[in-house]
Amino acid sequence: MSSKRQPRRAGLCLGLVLAATAQAATWHVAPDGTVQGDGSREKPFNIAGIPREKLKPGDEVVFLDGVYKGSLNIATTGNERGPIVYRAENRHKAILDGSAPVTEWKKVAGTQDTWECRVAAAPMGFIVNGDGLANVGSRWRRDGKSTFEQGMFAVEEVKDDPTALDEKKTGVFIRFRPWASAEPKEVHAVYSGTLVELSGAFNVVDGFLLRRGGTGVHVAGRAVHVPKLEGGTYLDISGLVHNSYGSYNILRNCVVRDMVGSALTSNESRFNLIEDCVIANAGMGQGDHGIYISQGAENLVLRRNIWWRISGGGIHIYSGSGIDSPRNIVAERNVFALDRRGRAYPLTNRKSVAFYVWGGSRWAGGNRIVGNLVLGGHDRALSLHKCHFNLIAHNTFLGSDGAPIQIGASYGNVIANNILEYSPGGQEPGCQEHPEGYIAMREDEGGVRACRFSNNLLIPRGGKGTEAPAWMEGSRIAPGDPFVNRAKGDFRLKPDAAAIDLGISLPHLAEKPQGKAPDAGALELGDELYGEKAKFPEIPKWLLDEWPLSKRGQ
C-alpha cells in the first residue's frame with residue numbers, strides 16, 4: 001500500500017470515532033416518568049421504561065431528583081472508550097428506596113415496648129428508628145430458642161377478618177420491639193431485595209442515594225466456574241478469563257445506607273471499582289457486611305470509601321474451598337468507624353472487623369490492604385485466616401477491642417509500616433482475649449516465621465504494650481500519641497511523631513516518601529486528612545451528627 005493512502009485511512013478512522021462520539025445520547029428518568037416516555041426532560045422514562053436495548057456505548061442515563069421505588073437492573077454493555085453512565089443529575093438527590101413507610105401503629109395492650117401495625121403483604125425486613133429488626137421466625141439466636149426480644153418483629157397472616165373493612169380483610173399483622181425499648185418514631189417495611197443489580201460491563205453508576213433495602217448494590221456476572229473433582233479436591237478449570245459480565249464497572253459518589261443485609265455484594269466479576277462512597281448503617285447480624293466479596297471476584301478496587309456502623313465485617317473477602325476464591329482485591333484509603341454495637345445479633349460473642357479476609361483454596365490471596373484508617377469500635381481491625389501473600393501496609397489501626405490484627409494459618413504475608421494500638425482483648429462483653437496485644441496468632445510460632453512483620457509503630461494503651469515483640473523487626477514503641485488531635489478526629493502526624501521515617505520502602509506502592517524513608521501509618525507527614533484533595537474523603541456532617549465518634553456506636 002502506498003504511503004499516500006495512509007493519511008486518508010487515518011482520517012477516515014478518526015472521523016468514525018468522532019461520529020460515534022457525536023451519536024451518544026442522553027436519556028432522562030424521573031419518579032413520575034412513564035414507560036411511554038421518549039427519554040427527554042419533558043417526557044422522561046420511569047425505571048421500568050429505560051430502553052436498555054437502545055443504549056449504546058457513551059450514552060448517559062440521567063436520573064432527575066426524587067424518590068424511586070423498585071430496583072434498577074443494569075445489564076447493559078458499553079466499552080472501554082465509551083462506558084454507559086447512569087448518574088443522578090444532582091448528587092444524592094436521586095433516591096432509590098426499597099421500603100414503604102408505615103404510619104398506623106399502636107402499642108400492644110399490656111406491654112411497655114411492643115407495638116403492632118397492619119400491612120398488605122409480609123415485608124422481607126423492617127426498619128424502626130433507622131435500625132433493622134430481625135424476623136423472629138429466622139432464629140437469629142444461636143441457641144435456636146424461639147424468643148421475641150428487642151430488635152425483633154413477628155408476622156401473623158390475616159386470612160379472613162370479618163370485622164374489618166373490605167380492603168382490610170386480608171394482609172398481615174406485624175408486632176415489633178424496637179431496640180432499646182424506644183418509642184417508634186419512623187417505621188418502614190422493606191420490600192426490595194437488591195436496589196441496584198450491576199451485571200453488565202463498562203457501566204458507571206454515579207451519585208445516587210440508596211436506602212432501606214435488603215442489599216444496596218450487587219455486582220455480579222454470569223456463573224462461569226466449572227468445578228472438577230480431582231483427588232477429593234474441587235479444581236476450577238474455567239475461571240474468569242472469558243467473562244465480561246459484571247466487570248469493568250464503576251460505582252462512585254453514592255450513599256448506601258440503612259440496609260437490613262449487606263450493603264454491597266460482589267461475585268463472579270472482575271476489574272470493578274468502588275470509590276468515594278459512604279456505606280452506613282448496614283446489617284442485622286455478624287454475617288452482614290459493608291461488602292461481601294466471594295465466588296471468584298477478582299481485581300476489585302475499593303478506594304476512598306467510608307464504612308460506618310456495619311454489623312459484621314466492613315470489607316469481607318471470603319473464599320471457601322475449591323472454586324470460591326476471590327483474589328487480588330485492593331482496599332486503599334478507606335475510613336472505618338463504629339460497628340453496630342448493641343444493634344446486631346448475636347448480642348454476645350459477636351465479631352465485627354473492618355477487614356475480614358478468609359481463604360481456603362489454593363487461589364486465595366494476593367490482596368492489597370494499604371493506607372486505611374480504622375478508628376475503633378471493632379473486635380479487630382483485620383482478621384486474616386488461610387489467605388496468603390497479602391500486603392498489609394501503611395494502615396492506621398486504632399481503638400480495637402481485641403488485638404488490631406489476628407492471623408491464622410497464613411503464610412507469605414507482609415505486615416509493614418502500620419500504626420497499631422495495643423489491646424489484649426476482653427474490652428467488651430463477649431470479646432475474645434488476645435494477650436499478645438498487637439498481633440494475635442491463632443497458631444504456633446510457625447505462623448510468625450511464615451510472615452514478615454516489619455517497621456510498625458506500636459502505641460501502648462492503659463500502661464500495657466510497652467515492649468515490642470522480638471519477631472516484629474524494626475518496630476518501635478510510640479513514646480506518646482503521634483497524632484495532631486485524636487479527640488477531634490485529626491489523625492495527621494505530629495512533626496516529632498515516632499512514625500516519621502520509620503517505614504521501609506515497598507516497591508509495590510507508587511507514592512514516594514517525603515523524608516529519608518516512608519512514615520508509618522496511613523499518612524505521610526504533611527498529608528491532608530479529609531476532603532476531595534486529601535487522602536480520605538470528607539466524613540459527612542449528617543453521619544457525625546447521627547453517630548459521633550465519641551459515642552462509639554452506642
Side-chain angles (χ1 to χ4, degrees), residues 261-266 279-294 302 305-319 326 329 331-332 334-360 364-365 367-387 390 392-393 395-410 413 415 418-434 436-442 522 552-553:
S262 295
L264 311 169
T265 56
S266 176
I279 298 93
N281 199 35
M284 296 185 296
Q286 68 179 32
D288 299 321
H289 309 286
I291 183 168
Y292 184 77
I293 307 166
S294 66
L302 303 164
N305 302 292
I306 296 172
W307 310 82
W308 203 276
R309 206 166 183 252
I310 311 299
S311 65
I315 295 176
H316 188 164
I317 305 170
Y318 179 80
S319 169
I329 310 299
E332 59 184 13
N334 296 277
V335 179
F336 300 81
L338 314 176
D339 62 9
R340 283 174 50 83
R341 183 140 310 163
R343 296 290 193 274
Y345 293 97
L347 292 175
T348 60
N349 197 30
R350 42 169 292 286
K351 301 176 181 66
S352 70
V353 292
F355 295 98
Y356 184 53
V357 187
W358 198 92
N367 305 299
R368 193 175 84 169
I369 299 173
V370 175
N372 300 281
L373 180 60
V374 180
L375 302 181
H378 301 86
D379 182 34
R380 296 176 297 277
L382 169 70
S383 181
L384 184 66
H385 188 63
K386 291 186 179 180
C387 197
N390 300 283
I392 294 95
N395 302 286
T396 297
F397 291 162
L398 306 173
S400 295
D401 296 323
I405 297 178
Q406 177 176 284
I407 298 177
S410 301
N413 298 289
I415 298 93
N418 302 285
I419 295 179
L420 308 176
E421 187 169 43
Y422 180 88
S423 177
Q427 306 290 321
E428 294 287 334
C431 178
Q432 296 178 345
E433 292 190 3
H434 302 142
E436 300 88 347
Y438 291 110
I439 295 179
M441 304 301 296
R442 296 192 61 185
R552 288 176 57 87

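Here the structure is a predicted model, which means the values were calculated and not measured. Position 1 is the first residue of the sequence; numbering continues from there.
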[X] and [Y]: which non-hydrogen atoms are nearest, and at how many Å?
| X | Y | answer |
| --- | --- | --- |
| Gly402 | Ser423 | O-CB, 3.3 Å |
| Ala263 | Gly290 | CB-O, 3.4 Å |
| Arg340 | Gly283 | NE-O, 2.9 Å |

### Message
For Tyr318 and His316, take the angle between the two ring planes, folded into 0 to 90°, and tell me which bin it lands in: parallel under 30, tilted 30 to 60, perpendicular over 60.
### Response
perpendicular

## Note on the structure
Sorted by chain and number, sequence neighbours left out, side chain to side chain donor-acceptor pair (under 3.5 Å) with Ser352 holds for Asp339, Arg350

State, yes or no, whether a side-chain contact exists between [X] and [Y] at a heavy-atom distance under 4.5 Å.
| X | Y | value |
| --- | --- | --- |
| Ile279 | Ile291 | no |
| Val357 | Leu382 | yes |
| Ile293 | Leu302 | yes |
| Asp401 | Arg341 | yes |
| Asn281 | Trp308 | no |
| His378 | Val353 | no |
| Val374 | Asn395 | no |

### Summary
Sorted by chain and number, sequence neighbours left out, ring-ring contact (aromatic ring centres under 6.0 Å, His included) with Phe355 holds for Phe336

